[in-house]
Colleague: 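The structure is given below, and queries will be raised subsequently.
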Amino acid sequence: MSSSDTDSDGGMDLGDMFPEPPRPPSPEPTFATYRREREVNSGDWTKIDIRLVGSHPLWGHHLWNASLAFASYLDEHPELYRDRNVLELGAGGALPGLVTAKNGAQRVVLTDYPDQALVDNITHNVRENIEESAREHVAAQGYIWGHPVQPLFDLLRDDGTDRTFDLIIMSDLIFNHSQHDAMLSTCENALSKTRPTSVLCFYTHHRPHLADRDMDFLTKARQRGWECEEILTRKYPPMFPEDPGAEEVRATVHGWRLSRTA
């Protein structure tokens, strides 16, 4: 068909020839509030308001029980990250990472899959919960596990010291069974080789029949030279009460510390 034919037809294009049904609107974001569990001094922060994307195939639209337990654990143990560099993988709403930022971490890099909706949502949560004077210490970045970590190092302050991370935090990620090796590779490459470091991994077995495959993450970690120690178990109402599998399993959050000799 020539351009003159198209013009004579009133500018018909493919959209006119093959009209699509109207797409449903994207779900609206949801909101959740984390309230600090330990006693705090007057004037200190008491809550973190988290916006979650309305829906996402990578499950970034939930504030998981592991994230709540993780936030409280980090709040109770600021010695793990104060004046240190923190990397959060698969951050979602980034609640655990925000706790470290509010409690004195030197630099916090919050990452999730490089989808604009996810990264923009993390940026929103930083803006809403971190005072303007402290935001220069926090960065949101898209990142795919197992990929080069230099772009993450580039976000750290160049103060003449080792530009690497001291602590990596991972909340409810190990159900991604195919990505265990990629996660571990990122941890190995991103952590300092000259300072004490660790990985904190919190999770729930949301699919009890696949719990063994979840635990393959720790098996692989040990095979790669990591020491693995369980540091917390805590019960919550299960995220999805109607799901199959033992409720006791689906209601339990586990926290592990991974460390290795530099």
Side-chain angles (χ1 to χ4, degrees), residues 56-60 62-71 73-74 77 80-81 86-97 100 109-113 118 143-149 152 164-193 196-236 238-240 243-246 248-262:
H56 202 278
L58 298 180
W59 300 93
H62 291 292
L63 184 60
W64 299 89
N65 288 338
S67 183
L68 297 171
F70 212 162
Y73 182 86
L74 290 167
H77 295 279
L80 296 172
Y81 52 84
V86 177
L87 171 65
E88 182 168 10
L89 300 179
L95 173 59
T100 69
V109 177
L110 307 168
T111 70
D112 210 320
Y113 187 82
L118 292 175
Y143 175 72
I144 297 175
W145 305 324
H147 281 216
V149 296
L152 305 179
T164 52
F165 292 93
D166 303 285
L167 175 67
I168 295 177
I169 55 180
M170 303 167 44
S171 181
D172 250 336
L173 301 186
I174 65 172
F175 71 88
N176 296 284
H177 303 143
S178 66
Q179 299 301 306
H180 287 174
D181 286 311
M183 294 178 205
L184 288 166
S185 292
T186 290
C187 292
E188 291 160 2
N189 293 329
L191 287 173
S192 173
K193 303 297 190 294
T197 60
S198 61
V199 175
L200 296 182
C201 174
F202 279 49
Y203 63 86
T204 297
H205 296 301
H206 296 288
R207 300 168 295 176
H209 66 290
L210 296 178
D212 288 346
R213 293 188 63 190
D214 294 344
M215 297 302 287
D216 282 345
F217 176 81
L218 297 174
T219 299
K220 289 183 176 183
R222 292 186 178 100
Q223 292 170 347
R224 296 171 71 134
W226 294 86
E227 296 182 3
C228 304
E229 173 193 8
E230 189 165 24
I231 56 175
L232 176 139
T233 58
R234 183 170 176 178
K235 298 292 197 312
Y236 286 84
M239 291 285 299
F240 309 104
D243 276 5
E248 178 78 5
V249 175
R250 294 184 291 111
T252 304
V253 173
H254 303 267
W256 286 73
R257 178 188 294 116
L258 283 65
S259 58
R260 63 191 308 184
T261 303

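For clarity, every value in this text was computed on a predicted model and none was experimentally measured.
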Colleague: Kindly compute the distance separating CG (Leu218) from CD1 (Ile174), expressed to the nearest 0.5 Å.
Modeller: 6.0 Å
Colleague: Which pair of heavy atoms, one from Gly90 and one from Asp112, lies closest together, and at what distance?
Modeller: C-OD2, 3.6 Å
Colleague: Who are the side-chain contact (heavy atoms from CB on, under 4.5 Å) partners of Ala246, not counting sequence neighbours?
Modeller: Val249
Colleague: Drop me the distance from Leu191's CG to Ser198's OG, to the nearest 0.5 angstrom.
Modeller: 7.5 Å
Colleague: Using a 4.5 Å cut-off on heavy atoms from C-beta on, say whether the side chain of Thr100 contacts that of Glu88.
Modeller: no
Colleague: If you look at every heavy atom in Arg213 and His180, which pair is closest and at what distance?
Modeller: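 That closest heavy-atom pairing would be O-CE1, 3.2 Å.
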Colleague: Evaluate the side chain to side chain donor-acceptor pair (under 3.5 Å) criterion for residues Thr204 and Tyr236: first the C-alpha distance (whole Å), next the side-chain angles of each, then the deciding distance (0.1 Å), finally the verdict.
Modeller: CA-CA 10 Å; Thr204 297; Tyr236 286 84; over 6 Å; no
Colleague: If only atom types and distance count, is the side chain of Arg260 paired as donor or acceptor with the main-chain N or O of Glu188 below 3.5 Å?
Modeller: no
Colleague: Please step through side-chain contact (heavy atoms from CB on, under 4.5 Å) for the pair Val199 and Leu184, ending with a clear verdict.
Modeller: CA-CA 10 Å; Val199 175; Leu184 288 166; over 6 Å; no
Colleague: Within this structure, what is the CG-CZ distance for the pair Asp181 and Phe217, rounded to the nearest 0.5 Å?
Modeller: 9.5 Å
Colleague: Of all the heavy-atom pairs spanning Ile168 and Ala190, show the shortest one and how long it is.
Modeller: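 Here Ile168 and Ala190 meet closest at CD1-CB, 4.1 Å.
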Colleague: Determine the minimum heavy-atom distance between Ala69 and Val253, stating which atoms define it.
Modeller: CB-CG1, 3.8 Å
Colleague: Could you walk me through whether Ile231 and Phe202 satisfy the side-chain contact (heavy atoms from CB on, under 4.5 Å) test, starting with their C-alpha distance in whole Å, then the side-chain angles of each, then the deciding distance to 0.1 Å, before giving a yes or no?
Modeller: CA-CA 10 Å; Ile231 56 175; Phe202 279 49; 4.2 Å; yes
Colleague: Hey, mind stepping through Phe70 and Met170 against side-chain contact (heavy atoms from CB on, under 4.5 Å) and telling me if it holds?
Modeller: CA-CA 9 Å; Phe70 212 162; Met170 303 167 44; 5.6 Å; no
Colleague: Nearest 0.5 Å, what's the CZ-OG distance between Phe165 and Ser192?
Modeller: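 Rounded to the nearest 0.5 Å, the CZ-OG separation comes to 11.5 Å.
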Colleague: With a 4.5 Å cut-off on side-chain heavy atoms, are Tyr81 and Asp166 touching?
Modeller: no
Colleague: So His254 and Leu232, do their side chains get closer than 4.5 Å, heavy atoms only?
Modeller: no
Colleague: If you measure from CG on Leu87 to OG1 on Thr197, what distance do you get to the nearest 0.5 Å?
Modeller: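 Between Leu87 CG and Thr197 OG1, I get 12.0 Å after rounding to 0.5 Å.
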Colleague: Going by ring pair (Phe, Tyr, Trp, His ring centres under 6.0 Å), name the residues that satisfy it together with His206, two or more places apart in sequence or in a different chain.
Modeller: Trp64
Colleague: Among all residues two or more places apart in sequence or in another chain, which pass the side-chain contact (heavy atoms from CB on, under 4.5 Å) test with His77?
Modeller: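 side-chain contact (heavy atoms from CB on, under 4.5 Å) list for His77, sorted by chain: Tyr73, Glu79, Leu80.
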Colleague: About how many Å separate CZ of Arg257 and CD of Glu230, when rounded to the nearest 0.5 Å?
Modeller: 12.0 Å
Colleague: Are His205 and Thr252 close enough, and set up right, to give a side-chain contact (heavy atoms from CB on, under 4.5 Å), and what steps lead you there?
Modeller: CA-CA 8 Å; His205 296 301; Thr252 304; over 6 Å; no
Colleague: Quick check: closest heavy atoms across Pro208 and Pro244, and the distance to 0.1 Å?
Modeller: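 Between these two residues, the closest heavy atoms are CD-O, 4.0 Å.
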Colleague: Do you know the tightest heavy-atom contact between Pro96 and Ser67?
Modeller: CD-OG, 3.2 Å
